[in-house]
J.: 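Structure incoming, see below.
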Amino acid sequence: MGSRLSISPPPDFDFARDVCSYGYFLLMPNEWDPTTQRMRRPLHVESGVAVFTLSQPGGRGKPVIASCDRTLSRSEQSDARAQIRRMLQMDDTGVGAFHKVDRRWKKGGRARLFRSPTLFEDLIKTVTSCNVTWPSTVNMNRRLCETISPAFPTPAQLSRRKPQTLRARCGVGYRDQRLVDLARLHVRGEIDPAWLEDPGVPDDDVYKFLLGLPGIGPYAAGNVLQLLGRYSRLAIDTETIRHAKTYLGLTGTDRQITRAVEAHYEQFGAHKFRSYWFELWDFYEAKRGPAWTWEPRTTGASFTASKL
DNA sequence: GGTAGACCTGGACGC
DNA sequence: GCGTCCAGGTCTACC
């Protein structure tokens, strides 16, 4: 029998709602089971890969239970606990402030956005989501896990791969060199998660730094920013333009709409990404049902925003 | 500062 | 089964 971790969440934490709040819950190595409302997730710990099953059997506000397939040392348990808390945004201190500036989400409690156990995985996932439709992003992440590590490639593992191998075996296309370069920057300490996550560092400084990274343009930088828990900017892509036209009723050229969207979400200040995102998520759920019911291999893999 | 075109993959469609 | 077209951000060259 393996280790069993009991992780205390904030009182309003709702496992199914808060896991199924951002598309990354559908990307390997995350495996959401809509029937049992559990998530299977392998993590890197000191002695190798450990597979966890996460759930919240007691319901909202009760402990999240992480059952591991093997016995972990004390330090490994502590490491795994920190990774799980990061994924589930359990330490988000801005929930109340968000609900104050945008009261629409207070009743349902939406505020947390699911993310990865490491910033590096969030960076790579973001690059795999650029200039492709969602099914291709799903494929790239599956193949990265199948080819390099079942718990997602670490910076060291990815930095040692040849770009051509990534292209041939993981289907990442022209992103091959950029992914390897990102991994090498990470290994050399030139991407420093502690600095990027330091609340004392202004969002604008982080944004400018991210823009300088390979494969990271304005959309990707905005998205990584929100994955860092910094919601003061939008991540504008074609889906934003569609949302602006259909939901906000904006018209004009894409450039005009982009400017109008920026102006529209100004009212939500430091939380504008969340306000935008949950409007979008509501739209998806209206089309496909609650996100926690999405079957990852069918509904979750077939999403193509332009066809919604 | 703005714009055009290349970069890849996978799905849709027509034949 | 094959060929063609299209969606999707980033990057570079150029004006």
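Labels below follow one simple rule: chain letters A, B, ... track the order of the sequence lines, proteins then strands, and each chain is numbered from 1.
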J.: State yes or no: are the ring centers of A:Trp281 and A:Trp294 separated by less than 6.0 Å?
T.: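 Between A:Trp281 and A:Trp294, the centre distance is under 6.0 Å.
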
J.: Expressed in angstrom and rounded to an integer, what is the separation of A:Arg142 atom CZ from B:dT9 atom P?
T.: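 Distance, rounded to whole Å: 15 Å.
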
J.: Please report the distance, rounded to the nearest Å, between CZ in A:Arg259 and P in B:dG2.
T.: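 To the nearest whole Å, that distance equals 8 Å.
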
J.: CD of A:Glu239 versus P of C:dA7: gap in Å, rounded?
T.: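 After rounding, the reported distance stands at 14 Å.
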
J.: Looking at C:dG9, I'd like to know if its phosphate oxygens (OP1 or OP2) sit under 4.0 Å from a side-chain N or O belonging to A:Thr238.
T.: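 Answer yes for this pair, as a side-chain N or O of A:Thr238 is under 4.0 Å from OP1 or OP2.
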
J.: Compute the ring centroids of A:Phe15 and A:Trp292, then answer whether they are less than 6.0 Å apart.
T.: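 That pair fails the under 6.0 Å test.
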
J.: Among side-chain atoms of A:Thr240 and A:Tyr276, is any donor-acceptor pair under 3.5 angstrom?
T.: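 Yes, because at least one side-chain N or O of A:Thr240 sits under 3.5 Å from a partner of the opposite role on A:Tyr276.
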
J.: As a test of reading the structure: which of C:dT10, B:dG10, C:dG8 is closest to the side chain of A:Cys130, going by heavy atoms?
T.: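 Closest nucleotide to the A:Cys130 side chain: C:dT10.
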
J.: Check the orientation of A:Tyr247 and A:His243. Use parallel for under 30°, tilted for 30 to 60°, and perpendicular for over 60°.
T.: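 Plane angle under 30°, so parallel.
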
J.: Heavy-atom contacts under 4.0 Å between residues 160-171 of chain A and DNA chain B, which residues?
T.: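 Nucleic-acid contacts, sorted: A:Arg167, A:Gly171.
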
J.: Establish, from distance only, whether the side-chain atoms of A:Tyr24 and A:Asn141 form a donor-acceptor pair under 3.5 Å.
T.: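 There is no such pair (donor and acceptor under 3.5 Å, judged by atom type) between the side chains of A:Tyr24 and A:Asn141.
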
J.: Expressed as a whole number of angstroms, how long is the span from A:Leu179:CG to B:dC7:P?
T.: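 Rounded to the whole Å, the gap is 18 Å.
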
J.: Of the listed nucleotides (C:dG9, B:dG10, C:dG8), which one gets closest to any side-chain atom of A:Asn139?
T.: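 Of all the options, the side chain of A:Asn139 is nearest to B:dG10.
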
J.: Starting from the C-alpha separation in whole Å, work towards a yes-or-no answer on side-chain hydrogen bond (donor to acceptor under 3.5 Å, both in side chains) for A:Asn223 and A:Gln226.
T.: CA-CA 5 Å; A:Asn223 195 55; A:Gln226 69 86 5; 3.2 Å; yes

J.: A:Leu234 has an atom CG; how far is it from atom C1' of C:dG9, in whole Å?
T.: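 About 16 Å, once rounded to whole Å.
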
J.: Atom OH of A:Tyr174 and atom P of C:dT10: how far apart are they, to the nearest Å?
T.: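 About 9 Å, once rounded to whole Å.
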
J.: Expressed in angstrom and rounded to an integer, what is the separation of A:Gln177 atom CD from C:dT10 atom C1'?
T.: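 Rounded to whole Å, this separation is 15 Å.
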
J.: Does A:Phe52 have A:Arg41 sitting over its ring (NZ/CZ under 6.0 Å from centre, angle to axis within 45°)?
T.: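 No.
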
J.: Taking for each residue the nucleotide of DNA chain B with the nearest heavy atom, is it A:Ser136 or A:Asn131 whose nucleotide lies nearer the 5' end?
T.: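 Counting from the 5' end, the first nearest nucleotide belongs to A:Asn131.
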
J.: Linking I/L/V/M/F/W/Y whenever their side-chain heavy atoms sit closer than 4.5 Å, directly or via other members, would A:Ile124 and A:Phe114 fall into one cluster?
T.: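 No, it is not one cluster - the side chains of A:Ile124 and A:Phe114 are not joined through contacts under 4.5 Å.
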
J.: In residues 213-232 of chain A, what residues come within less than 4.0 Å of DNA chain C, judged by heavy atoms?
T.: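 Correct list: A:Leu213, A:Pro214, A:Gly215, A:Ile216, A:Gly217, A:Pro218, A:Tyr219, A:Ala220.
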
J.: Would you please say whether a donor-acceptor pair under 3.5 Å links the side chains of A:Asp33 and A:Thr36?
T.: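 Indeed, the side chains of A:Asp33 and A:Thr36 share at least one donor-acceptor pair under 3.5 Å.
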
J.: Which whole-number value in Å describes the distance from A:Arg143 CZ to B:dG10 C1'?
T.: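 After rounding, the gap between these two atoms is 11 Å.
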
J.: State which of B:dG10, C:dT10, C:dG8 makes the closest approach to the side chain of A:Arg178.
T.: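 Of B:dG10, C:dT10, C:dG8, C:dT10 is nearest to the side chain of A:Arg178.
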
J.: Does A:Arg175 have a side-chain nitrogen or oxygen under 4.0 Å from the phosphate oxygens OP1 or OP2 of C:dC11?
T.: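 False: A:Arg175 side-chain N/O out of range (4.0 Å or more) of C:dC11 OP1/OP2.
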
